[in-house]
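Take a look at the structure below.
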Amino acid sequence: MSNEQHPLEVVLTPEQIQARVGELGRQISHEMGKDIILLGVLKGAFVFLGDLARAMNVPVRMDFVRLASYGADSVSCGTITMTKEPELDLKGQRVLVVEDIVDTGRTVRWLLDRLAGMGAAEVKVCSFIDKPERRELALDIDYVGFRVPQGFLVGYGLDYNECYRHLPGVYEVKLDRQRG
Ligand code: IMP
Ligand code: MG
């Protein structure tokens, strides 16, 4: 299924994304300063983290975690596990969790709880997209690229069945029309 084709509706153009990520990089550099660790959540955040890191004007280190959730398709309501742990020692460090999208909030909440046990001095969250439609937990997201009210989104790292991550813009997948 590497060539899935669904009707895609533009939500964010590559130009909008690059402008906003540039702003975020400068803001985070200014507010968090140097010596932070960008901790990306694989796979979805890899594109955003790459652009964000290059938009920052202070030196940063980077690391990744990979989370897996079982029990549902596009809703992460199952059990979450960490299938790849951070490789840098987070003890005493200032960490910025870099996520692709916060939907129900369960994934970020779970990760923050896990990170709390790893001794980081400070943990903040930056999500490329905040999608409040299905939020189940009250969450403070420190930095948000875009707030998109609803819809299933792909592109710029976000996937549907592992497709569309490579697209430079963000699109809403029109799932209901696919067999029309
Ligand atoms: P949460 O735990 O419900 O906040 O879900 C977060 C994860 O679900 C994200 O990191 C994504 O991997 C996935 N997800 C949620 N909404 C979307 C979407 O619209 N497009 C692609 N992935 C999504
Ligand atoms: Mg994710």
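Counting convention: from 1, in listed order, for ligands and their atoms alike.
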Which segment of Asp100 sits under 4.0 Å of ligand 1 when only heavy atoms are counted: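 Looking at Asp100 and ligand 1, just side chain atoms fall under 4.0 Å.
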
Within a distance under 4.0 Å of any heavy atom of [X], pick out the atoms of ligand 1 and give their elements.
X      : value
Glu99  : 10 (O)
Lys131 : 16 (N), 17 (C), 18 (C), 19 (O)
Asp159 : 21 (C)
Thr107 : 1 (P), 2 (O), 5 (O), 6 (C)

Side-chain heavy atoms of [X] within contact of [Y], under 4.5 Å:
X      : Y      : value
Glu9   : Lys174 : yes
Tyr171 : Val11  : no
Val21  : Phe48  : yes
Glu99  : Val108 : yes
Ile17  : Tyr156 : yes

Neighbour count above 12 (heavy atom, 6.0 Å) for Arg135 CZ: yes

Please confirm whether [X] approaches ligand 1 to less than 4.0 Å, judged on its heavy atoms.
X      : result
Val108 : no
Gly151 : yes
Gly105 : yes

Distance, nearest 0.5 Å, that separates CG of Asp100 from OG of Ser127: 6.5 Å

Test of proximity, Arg134 against ligand 1: N or O pairs below 3.5 Å: no

Val102, any N or O under 3.5 Å of ligand 1 N or O: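 N/O-N/O distance below 3.5 Å does not exist for this pair.
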
